[in-house]
Amino acid sequence: MADYPPFIPDDNHRGTDPRLAGGRLTIDLDALIANYRLLQEKALPARVAGVVKANAYGLGLEPVARALLAAGCDTFFVAMPAEGVALRRVAPDAHIFILSGPMGIDAPAVFAENRLLPVINSPLDLSIWEAYGWDDDAVSRPCALHVDTGMNRLGLTPEEAASFARDNELTGAITPLIVMSHLACGDTTGHLLNRQQLEAFQAVSQHFPQSQKSLANSGGTFLGTDFAFDLVRPGIAVYGGNAQDVTANPMQPVVTAEARIIQLRQAAAGETISYGAAETLKRDTIIAIAAVGYADGYHRAGSGAGVPVRDVVKPGAHGFLHGHRVPVMGRVTMDLTMFDVTDLGVHGVATGDHIELFGPNIALDEAAGTAGTISYELLTSLGRRYYRHYVGGQA
Ligand SMILES: *Cc1c(COP(=O)(O)O)cnc(C)c1O
């Protein structure tokens with residue numbers, strides 16, 4: 001523990017004092033930068049934006065944004081205006097786009113003050129931005145224009161976008177710096193919708209010769225250079241998640257989540273473990289009690305037994321300790337999770353050891369999958385009780 005930096009109480013992205021925390025997250029900003037660069041190679045000659053919504057997928061907006069800036073990233077996407085305000089403090093000169101749009105007529109003052117750029121998602125957003133947006137010397141009402149090509153979430157229809165382009169050509173009221181769309185199935189190579197969305201996007205793009213074009217998220221970045229256009233917007237792949245659902249993950253793990261063992265106990269075959277007595281020990285067992293639970297985002301659905309998801313997804317989650325995969329036993333509880341460490345023997349494990357929950361040995365996607373969810377949800381659920389330890393990041 002001696003090599004950890006001192007605890008700074010108001011430095012909130014560090015989380016809890018390591019001596020007082022049950023879990024620790026090690027966030028490898030060098031791996032994050034390596035992932036960013038790999039995506040850059042894939043996307044060339046397109047540029048790579050940083051998608052840092054939801055506190056950079058739970059990893060910490062500030063340190064992640066600083067690392068991406070150091071790697072040369074100059075364009076960012078966040079979901080909410082409040083996230084944009086926080087990012088502006090770290091990235092004084094970057095383009096910051098707000099995916100959820102101008103958020104009604106009360107927010108634009110904040111957009112102007114912080115030079116935030118809304119993603120315009122509807123005709124209503126267009127009129128709000130035209131009436132209340134900001135200008136500078138070179139551009140009036142700068143923004144991104146989002147066209148829906150098959151996701152049916154946010155975005156103008158292609159017809160609305162074309163009609164806006166015709167009107168705007170006359171008035172020049174709004175400057176769409178970027179025209180973008182979002183793939184529904186980017187993680188599934190060969191899904192028919194990818195090609196349909198690509199063609200719809202190419203068609204609507206023709207109305208906007210002056211704007212940069214952007215279609216691909218992480219998955220889309222691996223679908224081929226047709227999908228890259230001028231700017232790609234990968235989130236999960238930068239954070240080490242697998243962007244494609246079948247192929248081996250080319251990204252480096254960025255986050256290592258570990259739980260401190262606070263007690264070891266021995267129990268006899270035939271006894272039960274955890275709430276609901278849902279798992280019965282098949283052998284005399286050494287149980288490690290680790291101080292991370294579902295309140296830390298280690299999902300209850302990853303339990304070793306006794307939750308409905310186990311009927312569909314087998315087996316439960318595993319941790320990794322001293323070279324061994326160790327299964328979760330019984331139900332994950334709020335603050336604590338039990339692991340079967342019998343194979344390590346009584347001398348092979350000690351209280352104070354840390355069990356890896358995911359990281360270099362247990363893939364993020366595996367840990368998510370055993371809880372019936374996806375890497376995105378696992379990362380964005382990580383709670384505030386961890387000690388957060390950042391390494392590298394100078395690019
Ligand atoms: C979140 C998001 C992304 C990034 O998606 P990943 O699948 O994490 O790469 C890109 N574009 C939009 C519009 C998004 O909402």
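In each ligand, atom 1 is the first atom listed, and ligand 1 is the first ligand listed.
- For ligand 1, the atoms closer than 4.0 angstrom to any heavy atom of Pro234 are 9 (O).
- Heavy-atom proximity to Ile236, at under 4.0 Å, picks out these atoms of ligand 1: 6 (P), 8 (O), 9 (O).
- Each of the following atoms of ligand 1 lies closer than 4.0 Å to a heavy atom of Gly235: 4 (C), 6 (P), 8 (O), 9 (O).
- When only non-hydrogen protein atoms are considered, atom 9 (O) of ligand 1 lies nearest to Ser218 OG, 2.5 Å.
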- Item | Audit row: Arg233, Ser214, side-chain hydrogen bond (donor to acceptor under 3.5 Å, both in side chains) steps and yes/no | CA-CA 8 Å; Arg233 310 184 307 270; Ser214 177; 2.9 Å; yes

- Item | Thr26/Tyr387 under side chain to side chain contact (heavy atoms under 4.5 Å, CB included): CA gap, chis, key distance, verdict | CA-CA 8 Å; Thr26 304; Tyr387 169 59; over 6 Å; no

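- Using cut-offs of 30° and 60° for the angle between ring planes, the Phe339 and Tyr298 rings count as tilted.
- Every atom of ligand 1 is numbered from 1 in the order shown, and the set under 4.0 Å from a heavy atom of Asn217 is 5 (O), 6 (P), 7 (O), 9 (O), 10 (C).
- No salt bridge links Asp340 with Arg325; every basic N to acidic carboxylate O contact stays at or beyond 4.0 Å.
- The shortest heavy-atom distance from Tyr57 to ligand 1 is under 4.0 Å.
- The atoms of ligand 1 that sit less than 4.0 Å from any heavy atom of Arg153 are 15 (O).
- For the residues Lys53, Met151, His146, Arg233, the heavy atom positioned nearest atom 11 (N) of ligand 1 is part of Arg233.
- Counting heavy atoms under 4.0 Å from ligand 1, residue Asp187 does not touch it at all.
- Residues Phe201 and Phe229 bring their aromatic ring centres within 6.0 Å.
- The hydrophobic cluster containing Leu281 also includes Ile262, Ile273, Ile287, Ile289, Met329, Leu336, Met338, under a criterion of side-chain heavy atoms closer than 4.5 Å among ILVMFWY residues, counted directly or through chains of members.
- Between Arg385 and Asp335 there is a salt bridge, since a side-chain N of the basic residue sits under 4.0 Å from a carboxylate O of the acidic one.
- What sits closest to atom 7 (O) of ligand 1 on the protein, heavy atoms only, is Tyr376 OH, 2.6 Å.
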